[in-house]
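Here is the structure we will look at.
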Amino acid sequence: MWLKIEKRMSRRLSTRLFNVCIASLCKAHKLEKAESVIIDGIRLGVLPDVVTYNILIDAYCRFIGLDAGYSVLHRMREAGLTPDIISYNSLLAGATRNCLIDRTLDLFDEMIQRGIAPDVWSYNTLMHCFFKHGKPDVANRVFKDIIHGEHSPSRATFNIMMNGLCKNGYTDNALMLFRNLQRHGFVPGLVTYNILVSGLCKIGKLGSARRILKEIGESGHVPNAITYTTILKCFFRKKKFLEGLELLSEMKSKGYTYDGFAYCTVIGALVKIGKVKEAAEYMMDMMKTGIELDMVTYNTLINMYCKTGEFEEAYKLLDEIEKKGLECDRYTHTIMIDGLCKAGNIEGAARHLKYMNMMGFDSNLVALNCFVDGLCKVGQTDDAMKVYKSMEVRDSFTYSSLVHNLCRERRYHSAAKLLLSCLRSGMKILKSAQRAVLLGLRHSGFTGEAKKLKSKIRIARILSH
DNA sequence: TTAGGGTTAG
């Protein structure tokens with residue numbers, strides 16, 4: 001009897017240890033290694049349990065994709081185990097992370113059909129999903145349902161609500177909700193504060209963000225690297241570079257080691273203002289720390305090399321990305337195309353554009369805009385117009401760039417035509433582009449045309465509102 | 001097991 005219990009206990013203990021090992025491998029993105037440990041475990045008699053599979057579902061959803069996570073659910077069933085609420089919540093989180101609203105709803109149906117009742121975590125995720133999908137009204141209905149329903153809301157419920165409000169342009173409402181909750185005894189965590197700081201920074205309310213920063217200190221929490229990076233980014237966006245760099249040294253003096261996020265913020269900002277030497281110093285510093293580079297970090301570095309004209313280095317990084325098994329994203333392609341255009345290498349840009357299309361990024365509006373602008377800058381405005389005509393989607397950047405460049409070539413009538421089609425499609429155009437056309441027409445003797453154009457602009461504006 | 005910070009163009 002005792003021997004049996006002891007055996008069962010030691011098996012349980014080894015499964016627990018085994019799961020800790022699987023979890024740490026998964027956390028380090030080492031999914032293949034985790035799978036081989038599972039196989040070794042089975043050989044030694046340690047069978048994976050529901051927790052093991054749940055760890056795998058979460059990891060596959062995070063690092064590979066929802067379908068990969070879902071296939072682990074099948075494997076779990078084949079192994080004779082029944083997925084539980086945690087399995088489904090991980091899949092829901094995976095679907096939400098990828099903004100797959102239909103899949104999220106299907107998964108909800110599936111779990112209910114299988115007799116697994118969604119819990120507050122499931123509803124939190126559903127709410128987050130609607131917010132990510134730009135449906136704050138529906139998310140709000142889910143929120144009310146949680147508040148008035150059978151599940152008690154968790155701190156995450158409120159955090160997701162506040163974050164969703166901020167991300168959907170309702171930062172003031174998020175702040176109101178926050179104050180209201182505080183009056184009802186809600187104790188905010190650092191994440192709550194960071195959500196508000198981020199929301200306020202995004203709408204440029206740096207003063208209010210700093211007040212929240214002060215409140216963090218008063219609440220007994222200590223601002224972390226996320227808090228600092230958020231404010232740092234806001235400083236840089238507002239072109240307050242010196243204050244930004246000061247905050248950066250404060251961050252360092254308080255003992256925070258910069259992570260990839262902080263480095264990208266700083267390097268990106270320095271490159272933008274042309275301080276590439278300083279940016280390169282931060283890059284060297286980052287390399288020394290041994291931070292594992294991800295796609296965003298690579299993109300930041302490639303952008304830096306493109307702006308300094310060191311394309312060989314940029315291509316080396318592209319190779320490195322491939323060797324690492326990472327995949328270039330729309331940012332990488334845009335940065336390369338823009339960089340090549342800016343360096344006057346329009347053939348290289350065209351080649352990269354072809355490659356990008358081949359890789360399935362053919363609807364990359366930003367990259368096409370860069371290419372259109374690049375063609376104009378090397379005097380191939382007619383080719384730029386051809387690309388423009390072939391584009392399925394255009395935006396204010398497309399028009400502003402073409403109008404400016406047409407004016408540069410004194411083709412004011414063509415520029416006026418484009419300007420009007422932009423405004424008539426309900427899009428805005430840079431004020432400077434508008435001025436360039438009107439002034440150009442006037443200076444080249446078409447005063448009457450300029451007057452007419454001004455009236456047409458006014459009417460187009462009224463009609464598009 | 002969810003929620004907070006980083007990369008592109010006129």
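All chains are named by letter (A, B, ...) in the order of the sequence lines, taking the proteins before the strands, and each is independently numbered beginning at 1.
In the interface, the side chain of A:Ser396 is paired with the base of B:dG10 through a donor and an acceptor atom under 3.5 Å apart. Side-chain atoms of A:Ser401 stay outside donor-acceptor range of the base of B:dG10, with no qualifying N/O pair under 3.5 Å. In terms of polar N and O atoms assigned as donor or acceptor, the side chain of A:Asn224 never comes within less than 3.5 Å of the base of B:dG5 in a complementary pairing. One can find a donor-acceptor pair under 3.5 Å joining the base of B:dT7 and the side-chain atoms of A:Asn299. Remark: the A:Asp259 side chain and the B:dG6 base include no donor-acceptor N/O pair separated by less than 3.5 Å. Remark: the A:Thr265 side chain and the B:dG6 base include no donor-acceptor N/O pair separated by less than 3.5 Å.
Listed by chain and residue number, A:Thr229, A:Met251, A:Tyr258, A:Asp259 satisfy the side chain to side chain contact (heavy atoms under 4.5 Å, CB included) test with A:Ala262 (two or more places apart in sequence, or in another chain). Residues satisfying the salt bridge (Lys or Arg N to Asp or Glu O under 4.0 Å) test with A:Asp383, not counting sequence neighbours, are A:Lys386. Residues forming a side chain to side chain contact (heavy atoms under 4.5 Å, CB included) with A:Arg179 (at least two apart in sequence, or on another chain): A:Gln182, A:Arg183, A:Ile212, A:Glu215.
What separates CZ of A:Phe236 from C1' of B:dG5 is a distance of 13 Å, to the nearest Å. Put simply, CE on A:Met286 is 13 Å from P on B:dT7, counting in whole angstrom units. Rounded to whole angstrom, the span from the OH atom of A:Tyr88 across to the C1' atom of B:dT1 amounts to 15 Å. In this structure, A:Leu317 places its CG atom 13 Å from C1' of B:dT7, rounding to the nearest Å. Whole-Å rounding puts the A:Leu196 CG to B:dG5 P distance at 12 Å. Taking atom CZ of residue A:Phe143 and atom P of nucleotide B:dA3, one finds them 17 Å apart after rounding to whole Å. Rounding to whole angstrom units, CG of residue A:Leu73 and P of B:dT1 are separated by 18 Å. Put simply, CD1 on A:Ile195 is 10 Å from P on B:dA3, counting in whole angstrom units.
Among the protein residues, A:Ala225 comes within range of the nucleic acid bases, having at least one heavy atom under 4.0 Å from a base atom. Nucleic acid contact for A:Asp395: base, since at least one base atom lies under 4.0 Å from a heavy atom of the residue. The residue A:His404 sits apart from the nucleic acid: no heavy atom pair falls under 4.0 Å. Nucleic acid contact for A:Lys428: none, since no nucleic acid atom lies under 4.0 Å from a heavy atom of the residue. Counting non-hydrogen atoms under 4.0 angstrom, A:Gly268 reaches nothing in the nucleic acid. Nucleic acid contact class of A:Asn89 (heavy atoms, under 4.0 Å, all strands): base. Among the heavy atoms of the strands, none lies under 4.0 Å from A:Ile55.
With B:dG10, B:dA9, B:dT2 as the choices, the nucleotide that has an atom nearest any side-chain atom of A:Asp373 turns out to be B:dG10. Checking B:dA3, B:dT7, B:dG5 against the side-chain heavy atoms of A:Asn163 singles out B:dA3 as nearest. Of all nucleotides listed (B:dT1, B:dG10, B:dT7), B:dT1 comes nearest to the side chain of A:Ser90. Side-chain proximity of A:Lys272 to B:dA9, B:dT1, B:dG4: nearest is B:dA9. Distances were taken from every side-chain heavy atom of A:Thr297 (C-beta onward) to each of B:dG4, B:dG6, B:dT2; the shortest belongs to B:dG6. The side chain of A:Asn124 sits closest to B:dT2 out of B:dG5, B:dT8, B:dT2. Distances from the side chain of A:Lys233 to the nucleotides B:dT7, B:dG10, B:dG5 place B:dT7 closest. Closest to the A:Arg62 side chain, of the nucleotides B:dG4, B:dT2, B:dA9, is B:dT2. Proximity note for A:Asn159 (side chain, C-beta onward) versus B:dA3, B:dG4, B:dA9: the nearest is B:dA3. Taking every side-chain heavy atom of A:Ile160 into account, B:dT2 is the closest of B:dT2, B:dG10, B:dA9.
A salt bridge links A:Lys377 with A:Asp373: the distance from a Lys NZ or Arg NE/NH1/NH2 to an Asp or Glu carboxylate oxygen falls below 4.0 Å.
Contacts between residues 325-334 of chain A and DNA chain B, counted as heavy-atom distances below 4.0 Å, involve A:Arg330, A:Tyr331, A:Thr334.
A side-chain N or O of A:Asn224 and one of A:Asn194 form a donor-acceptor pair less than 3.5 Å apart. In this structure, a donor-acceptor pair under 3.5 Å is present between the side chains of A:Thr157 and A:Ser154. Between the side chains of A:Tyr331 and A:Asn303, not a single donor N or O lies within less than 3.5 Å of an accepting N or O.
Regarding contacts with the backbone of B:dT2, every side-chain N or O of A:Lys132 stays at 4.0 angstrom or more from both OP1 and OP2. For B:dG5, one of the phosphate oxygens OP1 or OP2 lies less than 4.0 angstrom from a side-chain nitrogen or oxygen of A:Lys167. In this model, the phosphate group of B:dG4 is not approached by any side-chain N or O of A:Ser198 to a distance below 4.0 Å at OP1 or OP2. A close approach under 4.0 Å does occur between a side-chain nitrogen or oxygen of A:Lys202 and OP1 or OP2 of B:dG5.
Sorted by first and then second residue, the pairs that involve residues 355-365 of chain A and meet side chain to side chain donor-acceptor pair (under 3.5 Å), not counting sequence neighbours, are A:Thr334-A:Asn364.
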May I have the list of side-chain donor-acceptor pairs in residues 418-430 of chain A shorter than 3.5 Å, sequence neighbours left out?
residue  : atom : partner  : partner atom : Å
A:Ser421 : OG   : A:Lys417 : O            : 3.3
A:Ser421 : OG   : A:Leu418 : O            : 3.0
A:Ser425 : OG   : A:Ser421 : O            : 2.4

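Cation-pi geometry between A:Arg75 and A:Tyr53 is not met at under 6.0 angstrom from the ring centre and within 45 degrees of the axis.
Both geometric conditions, a ring-centre gap below 5.5 Å and a plane tilt below 30°, are fulfilled for A:Trp121 over the base of B:dT1.
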